[in-house]
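Working notes, beginning with the structure itself.
The sequence lines fix the lettering, A, B, ..., with proteins before strands; numbering per chain opens at 1.
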Number of protein chains: 2
Amino acid sequence: MKELTPTGRVILGMLSMGRNTGYDIKQFVDKSTRHFWAASYGQIYPELRRLEEQGLVQSRSEPSGGRARTVFELTDLGREALREWLETTGDPLWELRCETMLKLFFSDAADPRYRIEQLRTFREQQERKLEQLRELEEPARTGSHNGPYLSLQLGLALVGSMVDWCREMEHQLVENDGSV
Amino acid sequence: MKELTPTGRVILGMLSMGRNTGYDIKQFVDKSTRHFWAASYGQIYPELRRLEEQGLVQSRSEPSGGRARTVFELTDLGREALREWLETTGDPLWELRCETMLKLFFSDAADPRYRIEQLRTFREQQERKLEQLRELEEPARTGSHNGPYLSLQLGLALVGSMVDWCREMEHQLVENDGSV
DNA sequence: AGGTGCATGTAACAGGTTACATGATTAA
DNA sequence: TTAATCATGTAACCTGTTACATGCACCT
C-alpha cells in the first residue's frame, strides 16, 4: 500500500468524522485542526481525486438543488489506511517555525528595547490564539468524539505556557533596563 | 527596498553574528536556530547570491589553501535591512505542524489505547529535544550575545510544558481505562 | 590509504498557498 | 437586489528538502 500524503491523512480523518465534501472538510479544518495542521482547497480537491484513484475513498454526485456537490466516503481500504497511520508510533512530525524566536535570537543587532517590543507583540498574538482555542473548548468537550478535546488541551497547554513565559520575561526585561 | 525572504533574514542575522560562509551558516543553524527555524544548503547558497545582487551582502574569495572558499559580509544596506526587520512589530509568523495533535484529534477512529501510545512516543521525542536544548544552554549563557539565550529560554518553556502535559495526561488515561 | 571535515553547488522533487474563475442558493 | 454562503476547481507561484556531484585538507 502506498504511503499517505500529509493532506491525505487529514482528509481520511475528516471523512471518518463525518465531513464529506471538499468544502466541508476545509471549513471544519479551519475551525479545528488549523492551529496545528492547516489545509487549503488547492490541496484538498486534487488529493481527494488521488485518494479515489488509490481506492481509499469513494465519491458520488449528490447535488443539492442545481448546485453541484460531490460527497465522499471512506472505503474499507481507506478506513484501514487511516487506522494504520493512527496506530503507528514512529517519530511523529513536529515542526515549529517561530519568527519571534528568530528575532530574539538575532536581537543583539538592534536596539535592545525592541526585545520587549517583540515579546509583547508575540504575547498578544498568542493571547488571541488562546482565546480562539478556548472558544473551541466547550463544543469539543460536549461533542461525540474525545480526540478533539484531547488535542485541544495539548494546544492550550502549549500556547498558555508561552504566554506565561512572555509575561514573566517582559517583567524581567523592564526591571533590568528601565525602558518601557 | 525589496522585502527579505525568510531564508534571507536568517542569513543576514547569521552574518551579523560573525558567521561568514555558506557552510559556516548551515553548521551554526544546525546547532542553534534549527529548533524553530531551519535552513538547507539548497536555500542558503542561491539566496546568498540573490542577496549580493540586491546589494545586501558582499562576497570575496578567500581560499584556505587550495580549497575554494567564499566569505560574505553585510553591507551597510544589509545591516539596515536586518535592523529594519528586527524592529518591525507586526504579526510575526508562527507555524506549528504537529502530527501527534492530529493523531489525537482523529484518535476515535482507532483503538483508544493508542492514545497513550502516541502520547508516550511524543513525550519521548520532546524529551530528547529538551535535552538538546539544555546542551545549548551553557554556551548560550556565557556567549557574547544575549539573544540566543533569550530565544532558547522560550524554546525550553514551550517544550517543557508539553512534556509536563503529556506526563499528566498519560497518567490520567492509564487511571481511566486501566490499559497498559 | 582512508575517513572525516571543510566547502560549494544544483536538479529533482514535494508540499503547500494565493489568486482567480465559475456558478447556484439562501437570507436580508 | 444584493451579499453571504455553498461548492468546485486550477494555474502560477513560493519555499523548502533530498540526493547527488565535486574536490581539497587534515589527521591517523
Side-chain angles (χ1 to χ4, degrees), chain A residues 2-11 14-15 19-31 33-53 57 59-72 91 93-99 102, chain B residues 2-11 14-15 19-31 33-53 57 59-72 91 93-99 102:
Chain A
K2 227 204 263 173
E3 180 122 22
L4 287 172
T5 62
T7 303
R9 306 200 268 241
V10 176
I11 291 178
M14 287 302 175
L15 291 177
R19 308 290 142 178
N20 56 15
T21 69
Y23 183 82
D24 191 21
I25 288 172
K26 164 72 169 152
Q27 298 308 301
F28 193 58
V29 162
D30 280 349
K31 59 179 157 114
T33 68
R34 137 183 89 102
H35 301 288
F36 49 86
W37 207 288
S40 63
Y41 289 128
Q43 285 287 112
I44 292 171
Y45 284 113
E47 187 63 33
L48 276 166
R49 294 300 158 195
R50 262 171 259 143
L51 291 171
E52 183 157 34
E53 271 166 41
V57 306
S59 74
R60 65 175 191 281
S61 184
E62 204 168 89
S64 67
R67 187 198 285 158
R69 187 156 164 275
T70 310
V71 169
F72 290 84
D91 191 55
L93 188 150
W94 196 78
E95 266 177 33
L96 174 69
R97 278 167 68 95
C98 179
E99 194 179 353
L102 199 61
Chain B
K2 226 203 263 175
E3 181 120 21
L4 288 172
T5 62
T7 302
R9 306 199 269 240
V10 177
I11 291 179
M14 287 302 174
L15 291 177
R19 308 290 142 177
N20 56 17
T21 70
Y23 182 80
D24 190 21
I25 288 171
K26 165 71 171 154
Q27 298 309 302
F28 192 60
V29 162
D30 281 349
K31 57 179 158 117
T33 68
R34 141 184 83 103
H35 301 287
F36 50 85
W37 206 287
S40 65
Y41 289 128
Q43 284 287 110
I44 292 172
Y45 284 114
E47 186 63 33
L48 275 167
R49 296 299 157 194
R50 263 171 260 143
L51 290 171
E52 184 158 32
E53 272 168 41
V57 306
S59 73
R60 64 176 192 282
S61 184
E62 205 168 89
S64 66
R67 186 198 286 155
R69 187 156 163 275
T70 309
V71 170
F72 290 84
D91 192 55
L93 188 150
W94 196 79
E95 266 177 34
L96 174 69
R97 276 167 69 95
C98 180
E99 194 180 352
L102 199 61

Rounded (10°) bend between the five-pair end axes of the helix from C:dA1-D:dT28 to C:dA28-D:dT1
30°

Let me know the distance between CG of B:L48 and C1' of C:dT8, rounded to the nearest Å.
11 Å

Rounded to the nearest Å, what distance is computed from the CD atom of residue B:E62 to the P atom of nucleotide C:dT8?
11 Å

Side-chain N or O of B:R49 closer than 4.0 Å to phosphate OP1/OP2 of C:dG9:
yes

Whole-Å distance separating the CZ atom of B:R67 from the C1' atom of C:dG9:
16 Å

Taking the side chain as everything from C-beta on, heavy atoms only, tell me whether B:T5 gets closer than 4.5 Å to B:L51.
no

Could you check B:I25 against B:T21 for side-chain contact (heavy atoms from CB on, under 4.5 Å), going step by step and ending with a plain yes or no?
CA-CA 6 Å; B:I25 288 171; B:T21 70; over 6 Å; no

Residue met sooner reading DNA chain D from 5', once A:T70 and B:T5 are mapped to nucleotides
A:T70

For DNA chain C, what residues of residues 21-30 of chain B have any heavy atom nearer than 4.0 Å?
B:T21, B:G22, B:Y23

Would you say B:E95's side chain and A:L96's backbone share a donor-acceptor pair under 3.5 angstrom?
no

Side chains of A:T7 and A:E47, donor plus acceptor under 3.5 Å:
no

Side chain of A:A38 - closest among D:dT17, C:dT17, C:dT10:
C:dT17

For D:dG16, take OP1 and OP2 only and decide whether either is under 4.0 Å from a side-chain N or O of B:T7.
yes

When the distance from CD of B:Q43 to P of D:dT18 is rounded to whole Å, what number comes out?
12 Å

Figure out the CZ/P separation between B:R19 and C:dA7, and round it to whole Å.
12 Å

Could you work out which one of D:dG9, C:dT10, D:dG16 sits closest to the side chain of B:P6?
D:dG16

Quick one, A:R60 and A:N20 - any side-chain contact, counting heavy atoms below 4.5 Å?
no

On DNA chain C, compare the nucleotides closest to B:A68 and B:P46; which residue's is nearer the 5' end?
B:A68

Could you give the CD-to-P distance, from A:E47 to D:dT8, as a whole number of Å?
16 Å

How many Å lie between OH on A:Y45 and P on D:dT8, as a whole number?
4 Å

Please assess B:T70 against B:E62 for the test side-chain contact (heavy atoms from CB on, under 4.5 Å), listing each intermediate value before the final yes or no.
CA-CA 6 Å; B:T70 309; B:E62 205 168 89; over 6 Å; no

Distance below 4.0 Å between A:R97 side-chain N/O and D:dG16 OP1 or OP2:
yes

Whether B:Y23 side chain and B:Y41 backbone form a donor-acceptor pair below 3.5 Å
no

Any donor and acceptor pair, going by atom type alone, linking the side chain of B:R19 with main-chain N or O of B:D24 inside 3.5 Å?
no

Output the rounded distance in Å from CG (B:L4) to P (D:dT15).
11 Å

May I ask you to check if A:R97 and B:W94 form a cation-pi contact, with NZ or CZ under 6.0 angstrom from the six-membered ring centre and within 45° of the axis?
no

